[in-house]
Amino acid sequence: MDPANTYRAIFIQSQASWFVVSGRDFTLDAHGTGGIVGHGQRWWSWYGNATRLDGDGRPVALSLVNVTRGTVRAFTVDGPPFWCNAVVDAQDVLYDGMRCIAENADETYFGQKREDGVRTRGVPAFARNRLTRLSRRRRETFPSTIYVPHNDTPTLTRLRATSSPSIVWNTDGIDTFRATNITLRNFDITSGDDCLAIKGNSTNIFAKNITCRGGTGIAFGSLGQYEDLPDYVADVVLEDITMIRPDPQVQPLMEHGPRVARAGERAVIDLRFPPTGGGAGKGRVSGVVARNVILDQVSTPVQLYQTNLGHAGDAPSKLQFAGLTFENWTGTAQGATLVDFQCSSAAPCENVAFEAFDVTPPDGMSATYNCVNVASSSGLPRGGEW
C-alpha cells in the first residue's frame with residue numbers, strides 16, 4: 001500500500017481518512033441499522049503483528065472535519081481498519097449512539113497478545129474451537145481504565161505486558177483533536193486500542209454511558225507530540241463508564257477502563273505522550289472529572305505517565321496535569337497497584353482528588369498507590385511511593 005495514494009484530512013499524525021463529513025447544521029442518522037462495513041479483518045490480517053506507523057495509510061472509518069453543529073446518531077462501524085471515528089477542527093458536535101466493532105476472526109491470531117514484538121500463543125484447543133464458533137459474535141478485549149500518555153504513538157513497551165489483541169491495534173472508538181463542545185453519548189466500543197482518545201486542544205468534552213469492551217481504555221493522548229504546538233485539554237467529564245473484560249482464553253486484551261490510559265491491562269485512565277518521532281511539546285490538562293466508573297478486572301485502574309515513545313532528550317516533560325477528579329469508582333483490578341501516577345519533575349501534577357474510590361485488588365493483595373511528582377492530592381490512603 002502506498003500511503004501517498006490516500007486522502008489526508010486530519011493533521012495530527014498524518015492520518016488517512018475514508019469517509020469524511022464537513023459542514024454545518026446536519027444530522028447523520030443511521031436509525032440503528034446503517035453505518036460502515038469496514039472489512040477490517042483484511043487489514044488486520046495483512047499487518048498481523050508487524051510494526052505499524054503513524055501515517056502509513058490505514059484509514060479512519062468516519063471523520064468529522066471542519067464541522068459546526070453536526071449530529072451523528074444510531075450509527076455502527078463494523079470492522080474499522082484503523083480508528084473508528086475522529087472529530088477534528090470541530091465545534092458543537094453530538095454523537096448519540098455509536099457502536100464500533102473490532103474483533104478478530106482470523107484463527108491465526110486467536111489467543112495472541114503483544115509481548116516484545118513476538119507472537120505468543122497459549123490458548124488451549126477448546127478455547128480455539130470456541131472462538132471459531134464465535135467467529136461472527138463479539139470477541140471482546142480486556143478493558144483497563146483510564147490512562148494518560150504524553151505522546152502520540154502507543155507505547156509498545158508499556159502494552160507488551162498487557163493482554164491486548166495486537167492484531168486489532170489502533171482501532172480506537174473515537175479520537176478528538178482541536179475540538180470543542182463535543183458530546184458523546186451511548187457508545188458501545190469493542191476495540192483493541194483506546195476506547196476514547198482525547199487528543200490535543202480538546203475542550204468541553206462530555207461523555208456519558210460509555211461501554212468499553214476490551215482494548216486499552218480511555219486515553220488522554222497522545223499529547224505533547226509536536227514541540228512547536230502546545231496542547232491544552234480542559235473541562236472533560238466522563239460519566240457512567242463501564243469497562244468489560246471478556247474471557248481471557250477467548251480474547252486476551254483489555255488494558256484499561258476509562259483511563260487516562262488504555263483499556264485492558266493497564267490503567268483505566270491513562271495519560272500518555274508523544275508519538276513516533278514526537279515529543280517536547282508543552283501544554284496543560286485540567287478540569288477532568290471521571291465519575292461513576294465500573295471496572296471488571298482491569299490491570300491498572302488509573303495511570304498517568306509522560307514517556308510514550310518520546311525522545312530521551314525531551315525529558316522531563318513540560319506538559320502539566322492539574323485538577324483531576326476520580327469519583328465513585330467500583331469494581332476489581334488484576335493487580336495490587338490501583339493508582340500509578342508518574343508525573344514530570346518539571347511539571348508536577350496538582351490538585352488530584354479521589355472520592356468514593358472503591359476498587360479492590362485480588363484476594364490476598366494489599367492495594368498500593370504510586371504517586372510520583374504529585375504536588376497535591378486527596379482521598380487516597382498513604383501507600384506505595386509518594
Side-chain angles (χ1 to χ4, degrees), residues 1-7 13 15-19 35-62 76-86 99-142 153-154 156 159-160 162-173 175 189-195 213-216 246-255 262-265 276:
M1 179 178 62
D2 184 355
N5 294 332
T6 59
Y7 182 66
Q13 301 164 10
Q15 305 298 13
S17 289
W18 214 349
F19 294 92
I36 297 172
V37 178
H39 297 290
Q41 189 67 61
R42 293 172 179 258
W43 297 77
W44 309 330
S45 295
W46 187 72
Y47 274 89
N49 281 339
T51 300
R52 308 173 197 191
L53 302 175
D54 289 334
D56 61 12
R58 289 170 294 149
V60 178
L62 178 62
T76 296
V77 178
D78 191 349
F82 192 64
W83 299 348
C84 186
N85 295 272
R99 186 174 180 228
C100 299
I101 307 168
E103 49 190 14
N104 172 48
D106 185 339
E107 192 172 322
T108 305
Y109 300 97
F110 285 174
Q112 295 191 22
K113 62 183 179 180
R114 186 181 300 274
E115 191 164 345
D116 294 326
V118 179
R119 298 179 182 177
T120 60
R121 297 187 182 272
V123 175
F126 79 87
R128 295 179 186 275
N129 294 336
R130 180 180 177 187
L131 279 173
T132 301
R133 293 195 302 270
L134 296 176
S135 62
R136 294 193 177 275
R137 296 175 57 190
R138 287 193 179 181
R139 259 170 241 116
E140 299 153 344
T141 57
F142 298 42
T153 305
L156 300 184
L159 294 176
R160 285 168 185 164
T162 69
S163 42
S164 308
S166 57
I167 191 173
V168 291
W169 204 240
N170 299 132
T171 52
D172 298 8
D175 289 47
I189 307 298
T190 299
S191 168
D193 211 304
D194 298 335
C195 183
R213 306 175 188 274
T216 57
D247 184 344
Q249 291 183 325
V250 174
Q251 176 54 283
L253 175 61
M254 186 63 261
E255 293 184 357
R262 313 171 199 269
E265 272 231 53
T276 305

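Start at 1 with the first residue, then count along the sequence. Heavy atoms only: backbone and side chains are in, while hydrogens, waters and symmetry mates are out.
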_Set of residues satisfying side chain to side chain donor-acceptor pair (under 3.5 Å) with respect to T76, sequence neighbours excluded_ = none
*Mind checking whether W44 and D106 have side chains closer than 4.5 Å, heavy atoms only?*
no
*Between T6 and G57, what is the shortest heavy-atom contact and its length?*
CG2-O, 3.7 Å
*What heavy-atom pair brings D193 and N170 nearest, and what distance separates the two atoms?*
OD2-N, 3.0 Å
*Check the pair N85, C100 against side chain to side chain contact (heavy atoms under 4.5 Å, CB included), reporting the backbone distance first and the verdict last.*
CA-CA 9 Å; N85 295 272; C100 299; 3.6 Å; yes
*Say whether, by atom type as modelled, one donor and one acceptor occur between the side chain of T171 and the main chain of S191 under 3.5 angstrom.*
no
*Report yes if the side chains of W18 and P80 come closer than 4.5 Å at any heavy-atom pair, otherwise no.*
no
*Does Q41 reach the main-chain N or O of A105 with its side chain, forming a donor-acceptor pair under 3.5 Å?*
yes
*Do you know the tightest heavy-atom contact between P81 and G38?*
CG-O, 3.9 Å
*What closest approach, in Å, do E103 and T190 show between heavy atoms, and which atom pair accounts for it?*
OE1-CG2, 4.4 Å
